[in-house]
Structure formats: structure tokens, C-alpha cells
Enquirer: 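Encoded as C-alpha cells, here's the structure I'll be asking about.
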Amino acid sequence: MMMAAAAVNESPNRSTEDKTSTRRQNEVNRKLKYISLAILVIQNASLILSIRYVRTLPGDHFYTTSAVVMAEVLKVSTCVVIILIQKRGNVKSFVSLLYDSIVVQYLDTLKLAVPSLIYTLQNNLQYVAISNLPAATFQVTYQLKILTTALFSVLMLRKSLSKIQWISLVLLFAGVAIVQVEQEGGKQKEALTSTNQNYFKGLVSVIISCLSSGFAGVYFEKILKGSSASVWMRNIQLGIFGTVLGLLGMWWNDGAAIAEKGFLFGYTPMVWGVIFNQAFGGLLVAVVVKYADNILKGFATSFSIIVSTITSVYLFGFHVDLIFTLGAGLVIGAVYMYSLPKPNASTSSTSTSSSSHSEGGDSELEAFLPKSVLVK
């Protein structure tokens, strides 16, 4: 009887403790969401602004092909360290895993040659685009990758889009078109021409980059779903191809100049900051984004456009008029609309998110990694 009474007394206490623990956990998660938002905005805006800044400074410029190679090397090194930590520093087990994943399963590894080639091309094109377009214009136009990714997802993965998502894609295209029409006939083009920058070259580069981003991201997602390999190992495989292909591109485009002046020619602390941001930014965001949701990610992307535009006004003398504001507003609204969950998936997403958090958030983290780490 005494034991039964004690059990009854412990029951409400445990219930109270559980509620307190849940409340504290919710409070922590809420704070982490806002931290995630801040990191996403800073990473999205700072990468584009910093690339634009270092590429428009007077004097000798670094070779963008070498920067792409360096970023790939840093990505691979980071993923190697992460897997080593997962293996608790067991080098033998780590080497065995690498040999089995890369050499023994060579056919599986070769599948990544295609997206790796596209990502290498895309990374080089981004430098070309940002070097020839105002940061705000690039940021707005680059959101076309949402449109290309959605279309390739429908074609290759047979995914379905909600009516709101289809409407948002139309608004996205309209917003980008308005911005480009305004830029084509406005003062920005004159400013670019006066500083020996090629607007058309930048526009073509960003469009090709958006197409390659959409295809490579969906292709990589398709491979990832049909494989048991971790995303970190996939990034190592991609990084190996990316480094080799990047070196070939560097030799083809800047080989003679780099042989004369050196691989690290033109590297300044600011340039190193750009490379580290490009290499580690996606990994960092991938770690924190599991505490956020799609709406927050969409809001962060939209807010980063605003930050880039405002900063460009003060740093680069960017001119914002009513037409640009209208086009950018449509893009920001479209990005937010596209990130909204489907009406019929609200209940299922709640249960899915709770189960993913109970497993440590790995599934949510891995679902985001391909786009954050590789699709820039």
C-alpha cells in the first residue's frame, strides 16, 4: 500500500518535470530558430557582397579558378575531419571506409562526376556573374534557381507542386524579368560599362548558373535517395572530382598566368574570407538549419536580398528606383510563398518533424545538405 501511494505521489511530480523540460526545450528551439535566421541572412548576403567587393577593388585580382579549387579542398578537408570525429579518431576504420566507398564502389563514385562537373562550372560562373552584375541584381536574379530546381524536380523526381507554389514561380519569373528590364535600360548598365564590366556576360553567367544549380541539385538528391552513403562521404566524393576538374579548368583558363605569378597570387585576408565563407558557409548553415523550418529559410533568403540591396547602395552606389523595388518585391514574396507548406501536408509535417528530432535531426539535416553545401 505504501509503495502504491509513493508511486501515485511520484506520478504528478514526473508529469510536472516533463512539462517543465518540454517548455525549456521549446524555448531553446525558439531561440535557435532566430539564431538560424541570423546566420542564414548573414551567410547569404555576405558571400555575394564580399565577392562583389574583392572583384571590384583596384589593383591585382586573384584568379577565381584558384579560389574555386581552394574552396573544394577546404570542403573535402572539413568532411574528412567530421567523419574522423564520427569514427572517434580511428584512422584504420576511416581509411577502410574511404577505400570501400570510393574505390570498391567505384561505379557509385563515378555517378557523382556529372554533378561535380556542373557544380565546378557553376562556382566559376558565379564569380563571373558577380564580377559583372551589381550585388543586388545578382541576388534577385539568382533566385531563378528556385524555378529551375522546381521544374527539374517535377520532371526528374515526379514531385508535385501546390497551386501556391506554381503561382509563386510565375511571380518569381515576373519579378526577375522586371528587374532585368529595368537594369537593361537604366543607369546601372551605364555604370557597369564605365567600369569595364560586361552586363550581358554577367546575365548569361547567372542564368546558366541557375540552370546548372537546379539540375545538379535534383540529380544529386536522386543519387542520395538511392544510396546508403552519408552526405559527408558524398561531399568527399564530389570534392575529389571538383578539385580535379577545378584544377583542369584553372590550367585551361589561367595556367600560364598562375605558373608565372603563383597559385595564391592576389590573395588578401578579404579574399581568404570569401573562400572560407564559400567553403564553410553551407556546412555551418546545414548544422543550424535543422532548428528552422521552410518558412524561416524562405524569410531568410528574402531578407538577405533586402540586406544586399541596402548595403549595395552604400558600398557600390547602387541606384534603387520604383521599378527595381517592384521586381525585387515580387521575388521576395515569391520566395516566401514557395516555402509555405502544402495545405494537405501540415499535419503530416508535424509528425515527421517530431520523429526526425527524436532521431537527432539527421534526416532533416541530410535533406538540406546537398542544397546548402553544394548549390550556391
Enquirer: How far apart are the closest heavy atoms of Leu74 and Ala279, and which atoms are they?
Expert: CB-CB, 3.8 Å
Enquirer: Please identify each residue that fulfils side chain to side chain contact (heavy atoms under 4.5 Å, CB included) with Val54, with sequence neighbours left out.
Expert: Phe62, Met270, Val271, Val274
Enquirer: Any ring-ring contact (aromatic ring centres under 6.0 Å, His included) involving residues 70-110? Give me the pairs, sequence neighbours left out, ordered by first then second residue.
Expert: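 Of all non-adjacent pairs touching residues 70-110, none passes ring-ring contact (aromatic ring centres under 6.0 Å, His included).
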Enquirer: Any donor-acceptor pair under 3.5 Å linking the side-chain atoms of Ser304 with those of Gln139?
Expert: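 Result is yes, a qualifying pair exists.
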Enquirer: Grab the two heavy atoms, one from Gln122 and one from Ser209, that are nearest each other, plus how far apart they are.
Expert: CG-OG, 3.2 Å
Enquirer: Can you check whether Asn123 reaches Gln278 side chain to side chain, under 4.5 Å on heavy atoms?
Expert: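 Heavy-atom side-chain distance check passes, below 4.5 Å.
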Enquirer: Have Asn277 and Ser46 got a donor and an acceptor in their side chains that come within less than 3.5 Å?
Expert: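 Yes, a side-chain donor-acceptor pair sits under 3.5 Å.
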Enquirer: Linking Ile, Leu, Val, Met, Phe, Trp and Tyr through side-chain heavy atoms less than 4.5 Å apart, which residues share a cluster with Trp251?
Expert: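 Members besides Trp251, by chain and number: Trp252.
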Enquirer: Give the other cluster members for Leu322, using side-chain heavy-atom distances under 4.5 Å between Ile, Leu, Val, Met, Phe, Trp and Tyr residues; answer none if it is isolated.
Expert: none
Enquirer: Partners of Thr141 by side chain to side chain donor-acceptor pair (under 3.5 Å), sequence neighbours excluded?
Expert: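 Thr141 satisfies side chain to side chain donor-acceptor pair (under 3.5 Å) with Gln180 once adjacent residues are dropped.
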Enquirer: Taking side chain as C-beta onward, heavy atoms only, is Thr109 less than 4.5 Å from Phe241?
Expert: yes
Enquirer: Test: ring-ring contact (aromatic ring centres under 6.0 Å, His included). Region: residues 152-172. Which pairs qualify, not counting sequence neighbours?
Expert: Phe152-Phe215
Enquirer: With clusters defined by side-chain heavy atoms of hydrophobic residues (ILVMFWY) lying less than 4.5 Å apart, directly or transitively, does Val81 cluster with Leu97?
Expert: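 No, no single cluster joins them.
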Enquirer: Given Asn124 and Asn253, is the side-chain contact (heavy atoms from CB on, under 4.5 Å) satisfied, shown in steps?
Expert: CA-CA 11 Å; Asn124 281 283; Asn253 197 57; over 6 Å; no
Enquirer: Could I get the full list of side chain to side chain contact (heavy atoms under 4.5 Å, CB included) partners for Thr311, not counting sequence neighbours?
Expert: Leu49, Val307, Leu315
Enquirer: Report the residues that fulfil side chain to side chain contact (heavy atoms under 4.5 Å, CB included) with Ile178, sequence neighbours left out, ordered by chain and then residue number.
Expert: Ile323, Leu326, Leu330
Enquirer: Taking all non-hydrogen atoms of both residues, which atom of Gly214 and which atom of Thr149 are closest, and how far apart?
Expert: CA-OG1, 3.3 Å
Enquirer: Under the 3.5 angstrom rule, does the side chain of Asp100 hit a backbone N or O of Ser96 as a donor-acceptor pair?
Expert: no
Enquirer: Can I get a per-line list of side-chain donor-acceptor pairs under 3.5 Å for residues 242-250, giving both atom names and the distance, sequence neighbours left out?
Expert:
residue, atom, partner, partner atom, Å
Thr243, OG1, Gly239, O, 2.7

Enquirer: Of all heavy-atom pairs between Ser160 and Gln165, which one has the smallest distance, and what is that distance?
Expert: O-OE1, 4.4 Å
Enquirer: With sequence neighbours left out, what residues match Thr65 under side chain to side chain donor-acceptor pair (under 3.5 Å)?
Expert: Asp254
Enquirer: Do Val170 and Ile332 belong to the same hydrophobic cluster, where Ile, Leu, Val, Met, Phe, Trp and Tyr are linked whenever their side-chain heavy atoms lie under 4.5 Å apart, directly or via other members?
Expert: no
Enquirer: Any luck finding a side-chain donor-acceptor pair between Gln143 and Tyr338 under 3.5 Å?
Expert: no
Enquirer: Under the side chain to side chain contact (heavy atoms under 4.5 Å, CB included) rule, collect the residues that match up with Val204, sequence neighbours excluded.
Expert: Phe200, Ile208
Enquirer: Please list all pairs passing the side-chain hydrogen bond (donor to acceptor under 3.5 Å, both in side chains) test where one or both residues lie in residues 260-270, with sequence neighbours left out.
Expert: Ser66-Tyr267
Enquirer: Which atom pair, heavy atoms only, marks the closest approach of Val76 to Ile240?
Expert: CG2-N, 4.0 Å
